Amino acid sequence: MKDILAAPSVTALIRTMSNMYAKGWDERNAGNISLRLEESELADYLDLQAVDRRLPTGFSAPSLDGMYFLVTGTGKYFKNAADAPARDLGIVRLVQGGSSAELLWGFTDGSRFTSEFPAHMMSHAARLRVDPENRVVLHCHPTHLLAMSFVHDLDEAAFTHTLWQMCTECVMVFPDGINVLPWMLCGTNAIGEATAKKMETARLVLWAQHGVYGAGRSLDECFGLIETAEKAAEVYLKIAHLPVVNTIPDEGLQQIADHFGVKLREGYLNKGLSQKIVHNSKK
Ligand code: 2HA
Ligand code: ZN
C-alpha cells in the first residue's frame with residue numbers, strides 16, 4: 001500500500017486548509033471541507049474492507065450511498081491540519097442510505113467529522129444532481145462577505161448584483177450568483193436542508209452573519225470562487241461609505257458574459273440597480 005499522506009487529494013486538501021487559514025477565513029475551529037473521492041483514487045492507499053469505526057450521520061442521503069469523502073474533523077483547527085492530518089481529517093464511505101459512515105482512515109483521536117456534515121452531504125447530493133462532476137463542498141468565514149451581510153440588503157439578486165459590480169471578473173467566476181440564507185442555527189439538519197436547496201441554483205451560498213458555502217469540481221476552483229466573491233465584498237466595504245461616481249453598467253456586465261460565453265442568472269440585470277451601488281434596496 002502507498003502512503004495515504006502522499007495521496008494527491010490529501011496533500012491538496014491540506015494545502016487548501018493552510019491557504020484558507022492564511023487568508024483569515026478559518027479562525028480557531030472555523031470552517032470545514034468535504035472532498036468526494038473515487039474508489040479508484042483510494043484503492044492503492046487503503047484497504048477498503050478495513051472499517052475502523054461506524055459513525056451514525058443522523059440523516060438520510062440515498063443518492064450518496066457507497067460514495068467516499070475526505071472530510072475535516074469536528075473542533076479541528078485549519079491552522080494545525082498540516083501537522084496532524086491523520087488526527088484532523090478522515091476518509092469515510094457512506095452506507096445504509098447515507099445514515100451511517102464507515103471510517104476508513106483518520107480521526108485517530110477518536111473524534112468524528114465536522115458538525116456541519118449534514119450541510120456538506122446534502123449539498124453534495126444537490127450539486128451532483130445539477131453537475132455530476134462536482135466534488136467539493138467548502139465552508140469558511142471570509143471576513144468581508146461576513147461583514148457585508150450586516151450592512152447590505154440580503155435579497156439574492158441585489159447582493160449578487162453588487163458583488164458583480166465590484167470586479168470585472170465576478171460575472172465570469174460566478175454567473176450563477178450567490179444565494180443567501182438568513183441567520184440560522186448552524187450544525188443542524190435544518191440548515192443542511194436549507195443550504196442544499198440553495199445549492200440547486202448557485203455554487204455559492206451565504207450564511208448571513210456566519211460565513212459562506214462554496215461548491216465546485218476541484219479544491220482550486222472552489223477556493224477561487226470564494227476568493228473572488230470575498231475580494232468583491234472587500235472592495236464593496238472600501239467604497240460603501242464613499243460617494244460612488246463610476247460603476248460597471250449592466251450592459252457592460254452583459255458584454256463580459258457574452259464575450260466569455262457564460263450565462264448570467266436570469267433576471268439579475270436591468271433591475272434599475274445598475275447605476276448606483278445599493279446598500280439597501282428597500283430604502
Ligand atoms: O466548524 O464553521 O459552522 C466550525 C464552523 C461551524
Ligand atoms: Zn461556520
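Quick note: residue numbers are just sequence positions, from 1. This structure is a prediction, so every number in the text was calculated from the model and none was measured. We count ligands from 1, going down the list as the structure has it; atoms in each ligand are counted the same way.
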Consider only side-chain N and O atoms of [X] and [Y], and report whether a donor and an acceptor are under 3.5 Å apart.
X: Y68; Y: E38; value: no
X: S111; Y: D109; value: yes
X: D258; Y: Q254; value: yes

At less than 3.5 Å, what protein N or O atoms come close to the N or O atoms of ligand 1? Include the distances to 0.1 Å.
unit_1   : atom_1 : unit_2 : atom_2 : d
ligand 1 : 1 (O)  : N29    : O      : 3.3
ligand 1 : 1 (O)  : N32    : ND2    : 2.9
ligand 1 : 2 (O)  : G31    : N      : 3.0
ligand 1 : 2 (O)  : H139   : NE2    : 3.3
ligand 1 : 2 (O)  : H141   : NE2    : 3.1
ligand 1 : 3 (O)  : E116   : OE2    : 2.7
ligand 1 : 3 (O)  : H139   : NE2    : 3.3
ligand 1 : 3 (O)  : H210   : NE2    : 3.0

| Tell me, which pairs form a side-chain hydrogen bond (donor to acceptor under 3.5 Å, both in side chains) where one or both residues lie in residues 5-16, sequence neighbours left out? |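 For residues 5-16, and leaving out neighbouring residues, there are no side-chain hydrogen bond (donor to acceptor under 3.5 Å, both in side chains) pairs at all.
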
| field | Ion pair check, E156 and K198, cut-off under 4.0 Å | value | yes

| field | Enclosure of Y21 OH (heavy-atom neighbours >12, cutoff 6.0 Å) | value | no

| Is R54 atom CZ crowded by more than 12 heavy atoms from other residues, nucleotides or ligands, each under 6.0 Å away? | no

| request: Would you mind counting protein N, O or S atoms that sit less than 2.8 Å from the Zn ion (ligand 2)? | output: 3

What donor-acceptor contacts under 3.5 angstrom involve side-chain atoms of residues 131-140, with partners at least two apart or in another chain?
unit_1 : atom_1 : unit_2 : atom_2 : d
D131   : OD1    : E133   : N      : 3.0
D131   : OD1    : R217   : NE     : 3.4
D131   : OD1    : R217   : NH2    : 3.1
D131   : OD2    : R217   : NE     : 2.9
N134   : OD1    : G216   : N      : 3.0
N134   : ND2    : V136   : O      : 3.4
R135   : NH1    : E41    : OE2    : 3.3
R135   : NH2    : R36    : O      : 3.4
R135   : NH2    : E41    : OE1    : 3.0
R135   : NH2    : E41    : OE2    : 3.1
H139   : ND1    : V212   : O      : 3.0
H139   : NE2    : H141   : NE2    : 3.3
H139   : NE2    : H210   : NE2    : 3.2

| query | With respect to T72, which candidate in Y77, F78, F113, F117 satisfies the side chain to side chain contact (heavy atoms under 4.5 Å, CB included) definition? | reply | F78

